[in-house]
Structure formats: C-alpha cells, structure tokens
Amino acid sequence: MLIGGVLLLIDLFLPWQDFGNEFSDAVGVDASFSGWRGVGGVLVGLLTIILLAWLIVRLASVNVPLPVSTAMTAAIIGTLILIFTVIKLLTILGDEATIWAWAGLALAIVIAVGSFMTVQEAGGVDTLRQEASTLSSSVGAAAPAAAGPPAAEPTTTPAPPPAPPPAPPQQAESGASEAPAAPSDAADGAADAPSDEPSREQGS
C-alpha cells in the first residue's frame with residue numbers, strides 16, 4: 001500500500017490527457033492535463049495523501065486514537081481510492097487518455113489489494129461486519145442519550161413531626177421543693193422566741 005500510494009501520488013502529476021496535435025506543437029501550447037484535473041482527480045489525490053500519512057504514522061508506531069480499527073480504515077481508504085480512480089478514468093476515456101492514466105488505475109488496484117490483505121490479516125470480512133454492526137448499535141444507543149435524561153418527577157417530603165416540649169430542669173424542681181421549708185423554719189424560730197422571755201423574767 002505504501003509503495004502503491006507513493007507511485008500513485010507521483011503519477012497524478014503526470015499527463016493523464018494529451019490533446020497535442022500539429023497545430024498545438026507548432027504554436028507551442030501544452031494541451032495536456034495531469035491526473036489532478038477535475039473533481040475525481042482531486043479526490044484521488046487527497047485520499048492518496050491521507051493514505052500515505054496514515055501508513056507513515058503506523059510505521060512510526062504512533063498511537064492515534066481512531067473510532068474504527070486498522071482493517072476498517074484500510075478498507076475504506078483503499079476502496080475509495082479505487083472507486084474515484086475508475087470514475088476519473090471513465091470521464092477522460094474518450095479524451096485522449098494517456099498511458100499514465102492506465103498506470104494510475106493499476107496503482108489504485110495495487111492499493112485496494114493491499115487494503116484487502118490488511119482486512120484478511122485482521123480476520124476477514126466477517127470482522128468488518130461485526131465492527132460495522134457494533135458501530136451502528138453504539139450510534140443508535142447514543143442518540144437517545146443525546147436528548148438528555150427524562151425529567152425527574154417532583155417528590156413531596158413529609159413534614160417532620162413536632163419536637164416534644166423541653167423537660168423542666170431538675171434544678172428548678174429541687175429549688176421549688178426546698179422553698180416551702182424556709183417558712184416553717186422561720187415559724188419555729190418565732191415560736192421559740194416568746195417562750196424564752198418569760199423564763200428569763202422568772203429567773204430574775
């Protein structure tokens with residue numbers, strides 16, 4: 001795939017169409033067009049550059065996170081390069097296509113074969129089908145999640161029961177129980193006081 005990609009990129013700069021005749025040669029006008037001419041040629045060139053960048057990253061052992069596997073990436077890029085190269089060749093088939101156009105088609109087939117070999121090393125076409133089904137299911141599951149979670153129903157919490165009244169402090173109870181004892185002591189003292197005065201008078 002790497003060799004085919006490099007050669008295809010070089011081949012795209014060569015004349016894929018040549019309208020040269022005696023008049024154009026006499027005037028000195030270049031009536032040839034490279035493989036980059038047209039939308040198909042531009043797509044083939046861009047895909048080839050992407051392929052070379054991806055292969056160089058793989059050879060450099062750089063871990064680039066991709067949403068698909070290596071086999072799926074190779075299959076997609078290789079298939080697209082072959083499809084657009086065939087389209088490009090069909091559009092110029094009746095307009096003096098040169099040998100370089102057919103060489104570009106051969107190189108695109110080499111790249112497609114290399115991508116097919118990569119898929120076979122990863123487990124074959126069944127592996128691509130399982131991966132495609134997994135991607136479709138994950139995309140379908142992510143669609144409802146993107147809409148946001150359902151709104152939570154409002155819940156009413158019951159009011160807490162009223163707190164019991166605070167118990168009276170024990171010191172207040174003890175003080176209240178001891179308070180009536182004071183008047184009785186005072187009454188005893190008042191009763192003893194008159195009884196002492198007559199005894200003193202009789203003694204005198």
Side-chain angles (χ1 to χ4, degrees), residues 1-139 142:
M1 292 178 68
L2 180 61
I3 295 174
V6 172
L7 294 178
L8 179 58
L9 185 62
I10 296 173
D11 183 73
L12 287 172
F13 291 95
L14 299 176
W16 283 37
Q17 296 173 268
D18 190 4
F19 300 98
N21 49 34
E22 296 179 359
F23 177 76
S24 62
D25 294 338
V27 177
V29 177
D30 186 9
S32 61
F33 298 100
S34 67
W36 286 90
R37 183 172 181 260
V39 178
V42 173
L43 291 176
V44 172
L46 293 178
L47 289 171
T48 304
I49 293 174
I50 293 173
L51 173 68
L52 293 176
W54 176 67
L55 291 174
I56 292 172
V57 168
R58 285 190 60 196
L59 292 176
S61 300
V62 178
N63 187 13
V64 178
L66 295 175
V68 294
S69 64
T70 301
M72 181 68 76
T73 305
I76 292 174
I77 298 177
T79 304
L80 290 177
I81 288 177
L82 179 59
I83 290 174
F84 286 113
T85 303
V86 171
I87 294 174
K88 169 65 177 177
L89 185 60
L90 291 177
T91 56
I92 65 173
L93 194 57
D95 296 332
E96 301 295 333
T98 65
I99 187 64
W100 302 114
W102 296 101
L105 177 62
L107 293 172
I109 294 175
V110 170
I111 294 173
V113 171
S115 64
F116 178 75
M117 294 174 62
T118 305
V119 172
Q120 291 299 319
E121 292 176 358
V125 182
D126 294 335
T127 304
L128 297 182
R129 292 176 181 173
Q130 294 177 0
E131 184 177 357
S133 61
T134 303
L135 290 174
S136 61
S137 61
S138 62
V139 170

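It should be emphasised that the depicted structure is a prediction, and the values quoted were computed from it without experimental measurement.
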Trainee: Would you compute the distance between atom OG1 of T118 and atom CZ of R58 and round it to the nearest 0.5 angstrom?
Mentor: 6.0 Å
Trainee: Got a list of side-chain donor-acceptor pairs under 3.5 Å for residues 84-91, not counting sequence neighbours?
Mentor:
unit_1 : atom_1 : unit_2 : atom_2 : d
T85    : OG1    : I81    : O      : 2.6
K88    : NZ     : R37    : O      : 2.4
T91    : OG1    : I87    : O      : 3.3
T91    : OG1    : K88    : O      : 2.6

Trainee: Rounded to the nearest 0.5 Å, what's the gap from CG on L9 to CG on L51? Could you check?
Mentor: 10.0 Å
Trainee: Indicate the atoms forming the closest heavy-atom contact of A97 with A101, along with that distance.
Mentor: CB-CB, 4.4 Å
Trainee: For A75 and V119, work out which heavy atoms get closest and say how close.
Mentor: CB-CG2, 3.8 Å
Trainee: Which heavy-atom pair separates I77 from I50 by the least distance, and what is that distance?
Mentor: CD1-CG2, 4.2 Å
Trainee: What's the separation between atom CG in L47 and atom CG in L52, rounded to the nearest 0.5 Å?
Mentor: 11.0 Å
Trainee: Using side chain to side chain contact (heavy atoms under 4.5 Å, CB included), reason through I111 and L82 one step at a time and then give a plain yes or no.
Mentor: CA-CA 8 Å; I111 294 173; L82 179 59; over 6 Å; no
Trainee: Which heavy-atom pair separates A74 from S115 by the least distance, and what is that distance?
Mentor: O-CB, 3.1 Å
Trainee: Indicate the atoms forming the closest heavy-atom contact of V68 with E131, along with that distance.
Mentor: CA-OE2, 3.4 Å
Trainee: Give, for atom OG1 of T134 and atom CZ of R129, the distance between the pair rounded to the nearest 0.5 Å.
Mentor: 14.0 Å
Trainee: Mind checking whether F13 and W36 have ring centres under 6.0 Å apart?
Mentor: yes
Trainee: Under the side chain to side chain contact (heavy atoms under 4.5 Å, CB included) rule, what do W54 and T70 come out as? Steps first, then yes or no, please.
Mentor: CA-CA 10 Å; W54 176 67; T70 301; 3.5 Å; yes
Trainee: Which heavy atom of L107 sits nearest a heavy atom of D11, and at what distance?
Mentor: CD1-CB, 4.2 Å
Trainee: Could you grab the distance from atom CG of L59 to atom CG of L55, nearest 0.5 Å is fine?
Mentor: 6.5 Å
